[in-house]
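The structure appears below as structure tokens.
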Amino acid sequence: MTVPANGNPILFFDSGIGGLSVVKEARVLLPEHPYVYVADDAAFPYGAWEEGALRARLVGLFRGLIARFSPSLVVIACNTASTLAVADLRAAFPGQPFVGTVPAVKPAAERTRSGLVSVLATPGTVKRQYTRDLISAYASKCHVRLVGSENLARLAEQYMREGFVDEEAVRAEIAPCFIEQDGRRTDIVVLACTHYPFLVNRMRKTAPWPVDWIDTSEAIARRALTLAETLPPPSRPDGPDIAYFTSDDPPASLRRLMTGFGFRLGEFSAGKAQGGIDVAEGAASEGAIEAR
Ligand code: DGL
């Protein structure tokens, strides 16, 4: 493996720009590391993908990314990808440290007073066995409502790029999270998609009553710090942090946003030949589910 121009970076990965919510926290805790950000926007949104096709896409994509960037650490800043494929990625690339992002069911179960918790996520994360297992392991005494949102990730992307979002649309997407039962009300909503923290103020504004919104960005960054401390110290190179979009065609508003987050834009397809990227196609969708 050749070390890329900007050293052995920490590679942040998401289907879009939601992973920037984790980058924001990581920059505070891990300022001395070079970063690469990869947005698989050619396949956005992941929430609607059929599981087998998405798993194959992720393993194929990472074969190329790891060969190309030799990352010291990979942060899968995406619940939809992590709950599906972090175990496959660890198995396919032994020796490569990965930090995954999974719904914060355990802290929610510890914190709720009413016992009514909602997990707001993409339709993909909601239907994962991984998510169901987390609930059985840590929240069996709570009533957990899983809410698969078709549109929130896209609304968050729009908000970040254009600074505007339709509040009525946000209200409609979060409404199923709020339940009243036997005189008790939902008091915790887990933001189980890395896009959602960017909309949390709009969610607060449009929620029917106040709740705690659990955002895991800082916890993920802390986990990355813990792992990074076990690795050789980074050599912070002169080069800038670089972001890649798998479409190689992000709109101007996205380019500006990435610059604001301290990234220069790189050309993803330029590395395809050396990385051996192998991508499968396919998509499917599913709606909201209730689990106990
Ligand atoms: N940011 C991703 C997550 O955390 C999902 C967005 C998408 O649907 O692609 O789940």
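Indexing begins at 1, ligand by ligand and atom by atom, following the structure's order. Along the sequence shown, residues are numbered consecutively beginning with 1. Heavy atoms only: backbone and side chains are in, while hydrogens, waters and symmetry mates are out.
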Where's the contact between [X] and ligand 1, heavy-atom distance under 4.0 Å: side chain, backbone, both or neither?
X     : answer
Asp14 : side chain
Thr80 : both
Ser15 : side chain

Any N or O on [X] sitting closer than 3.5 Å to an N or O of ligand 1?
X      : result
His195 : yes
Gly47  : yes
Thr125 : no

Considering only heavy atoms of [X], which atoms of ligand 1 have at least one such atom less than 4.0 Å away?
X      : result
Pro45  : 7 (C), 8 (O), 9 (O)
Phe44  : 7 (C), 9 (O)
Thr122 : 5 (C), 8 (O), 10 (O)
Ala153 : 6 (C)
Tyr46  : 7 (C), 8 (O), 9 (O)
Asn79  : 3 (C), 4 (O), 10 (O)

**Request:** Show your reasoning for whether salt bridge (charged side-chain N to carboxylate O under 4.0 Å, His left out) applies to Arg27 and Asp241.
**Result:** CA-CA 11 Å; Arg27 285 214 194 275; Asp241 292 336; 2.8 Å; yes

Is the distance between the ring centroids of [X] and [Y] under 6.0 Å?
X      : Y     : value
Phe12  : Tyr35 : yes
Phe245 : Phe44 : no
Phe13  : Phe62 : yes

**Item:** Option passing side-chain hydrogen bond (donor to acceptor under 3.5 Å, both in side chains) with Thr83 (candidates Glu51, Lys127, Arg128)
**Value:**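 The single option meeting the side-chain hydrogen bond (donor to acceptor under 3.5 Å, both in side chains) with Thr83 is Arg128.
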
**Asked** According to the side-chain hydrogen bond (donor to acceptor under 3.5 Å, both in side chains) rule, which pairs have a member within residues 167-178, sequence neighbours left out?
**Response**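 Output for this query lists Ser149-Glu173, Asn151-Glu173, Glu167-Arg202, Glu167-Lys205, Glu168-Arg171.
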
**Asked** For ligand 1, is there an atom lying under 4.0 Å from some heavy atom of Gly18?
**Response**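 For ligand 1, residue contact (heavy atoms, under 4.0 Å) with Gly18 is absent.
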
**Request:** Could you establish whether Cys78 and ligand 1 come within less than 4.0 Å of each other, counting only heavy atoms on the residue side?
**Result:**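 Yes, Cys78 has heavy atoms under 4.0 Å from ligand 1.
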
**Asked** Are the side chains of Asp212 and Val189 in touch, meaning some heavy atoms are under 4.5 Å apart?
**Response**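 A side-chain contact under 4.5 Å is absent here.
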
**Asked** Parallel, tilted or perpendicular: which describes the rings of Phe178 and Trp209, with under 30° parallel and over 60° perpendicular?
**Response**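 Geometry flag for Trp209 against Phe178: perpendicular rings.
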
**Item:** Spacing of NE2 belonging to His195 relative to OG1 belonging to Thr122, to within rounding of 0.5 Å
**Value:**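 Answer rounded to 0.5 Å: 10.5 Å.
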
